[in-house]
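Residue numbers count from 1 along this sequence.
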Amino acid sequence: MRTSRFVRTLCLGIALGAAVSFAGCGRKEAAALSESEGNYTAAPGARPAEAPLEQQTEQKLDPLTRDDVEIYLKVMRAAAGRVKNPAASDKAALEGARKILAGSASGRVPMQDDVKTLEQANLVALSMDQIVAEEMKIDGRMYRGIAEAIESAVQNPALTITSDKSRQPGADHAPTPLEERLSGVNAANEKFLTPYREEVKKLMAAVRNPANLPK
């Protein structure tokens with residue numbers, strides 16, 4: 001998801017470098033421990049086998065269907081409404097994040113519990129659809145795959161950024177199998193989404209707007 005992935009990286013990161021570093025270290029240590037406990041014995045200098053395409057991206061790798069779009073619109077419409085009228089738990093997460101940000105600005109180092117609060121606030125501000133999908137008992141991985149596919153084909157009007165051309169295959173870079181697959185799928189999805197494009201843009205602007213982030 002070109003635009004929504006970028007938006008998520010905005011999630012309070014600059015003001016909360018210490019908190020992110022703390023959480024990141026924990027994840028790295030857990031990964032290292034997991035590897036040390038496993039039976040992985042790669043030969044020195046050997047290249048790891050490339051993961052299957054389905055494990056390299058969350059995006060659905062087959063062209064979208066009408067059912068896919070209906071699921072996405074159902075979730076995003078509900079999410080857009082909830083962004084306008086947040087639940088008590090949503091308000092609490094955003095208010096908690098504001099307090100953490102204020103404390104960080106004054107020199108307080110965020111704690112582990114603060115990271116959880118910030119992650120929830122980020123979901124509320126930029127990924128309310130994930131919260132709604134979970135409440136609707138929709139499989140999260142399936143939904144994210146559909147959302148990635150749709151939002152890779154429709155530009156988020158809430159963002160005023162240019163695409164990163166350095167990541168696009170060029171004359172000196174042979175497309176990877178994943179890039180080739182995504183290129184064809186995205187082209188098909190762009191045409192398929194023509195009747196839905198304007199509504200998708202409006203929903204993305206409401207649900208994935210950086211202005212929703214607590215300050």
Side-chain angles (χ1 to χ4, degrees), residues 1-37 57-59 72 75-138 140-141 143-144 147-148 151-152 155-164 166-167 201-215:
M1 189 185 305
R2 288 192 295 260
T3 54
S4 63
R5 275 187 185 144
F6 174 81
V7 172
R8 289 169 191 166
T9 63
L10 295 175
C11 63
L12 317 172
I14 295 176
L16 296 164
V20 173
S21 296
F22 181 84
C25 288
R27 285 192 290 269
K28 289 179 182 177
E29 290 172 359
L33 180 60
S34 177
E35 288 185 7
S36 67
E37 291 176 345
T57 177
E58 283 193 330
Q59 178 174 335
Y72 175 82
V75 173
M76 286 291 280
R77 286 167 183 160
R82 185 158 160 179
V83 167
K84 292 182 180 179
N85 299 288
S89 58
D90 304 332
K91 293 178 180 178
L94 293 172
E95 182 58 29
R98 291 189 185 96
K99 292 179 179 178
I100 294 169
L101 284 169
S104 178
S106 63
R108 176 181 175 275
V109 177
M111 306 301 289
Q112 188 171 14
D113 287 344
D114 295 336
V115 175
K116 295 178 182 178
T117 299
L118 295 170
E119 288 175 346
Q120 183 63 25
N122 183 59
L123 281 175
V124 170
L126 300 177
S127 301
M128 179 65 80
D129 55 321
Q130 291 190 32
I131 297 174
V132 171
E134 182 177 355
E135 292 178 352
M136 290 182 174
K137 308 301 181 183
I138 295 173
R141 183 178 179 82
Y143 174 75
R144 288 192 300 273
E148 289 278 356
E151 296 181 17
S152 288
Q155 182 65 37
N156 185 350
L159 300 179
T160 55
I161 61 171
T162 57
S163 61
D164 184 355
S166 66
R167 295 187 179 182
K201 284 184 176 180
K202 290 179 181 178
L203 292 171
M204 289 172 67
V207 176
R208 309 208 193 287
N209 193 333
N212 297 337
L213 286 167
K215 299 174 180 64

Spacing of [X] atom [atom1] and [Y] atom [atom2] [to the nearest 0.5 Å]:
X      : Y      : atom1 : atom2 : answer
Met128 : Met76  : CE    : CE    : 11.0 Å
Gln120 : Asp90  : CD    : CG    : 7.5 Å
Leu94  : Leu101 : CG    : CG    : 10.5 Å
Leu118 : Asp113 : CG    : CG    : 11.0 Å
Leu213 : Leu126 : CG    : CG    : 4.5 Å
Glu151 : Gln59  : CD    : CD    : 10.5 Å

Closest approach of [X] and [Y], non-hydrogen atoms and distance?
X      : Y      : result
Lys91  : Pro86  : CE-O, 3.6 Å
Ile138 : Val75  : CD1-CG2, 3.6 Å
Val124 : Ala93  : CG2-CB, 4.4 Å
Glu58  : Glu148 : OE1-OE2, 3.8 Å

For atom CD of Glu95, decide whether the heavy atoms of other residues, nucleotides or ligands shown that lie under 6.0 angstrom number more than 12.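 Counting neighbours around CD of Glu95, more than 12 heavy atoms of other residues, nucleotides or ligands fall under 6.0 Å, so yes.
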
Can you tell me if Asp129 uses its side chain to pair, donor with acceptor, with the backbone of Tyr72 under 3.5 Å?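 Absent.
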
Under 3.5 Å, is there a donor-acceptor pair between the side chain of Asn122 and the main chain of Glu119?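 No.
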
Contacts of type salt bridge (charged side-chain N to carboxylate O under 4.0 Å, His left out), residue Glu135, not counting sequence neighbours: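 Checked Glu135 against salt bridge (charged side-chain N to carboxylate O under 4.0 Å, His left out); matches are Arg82.
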
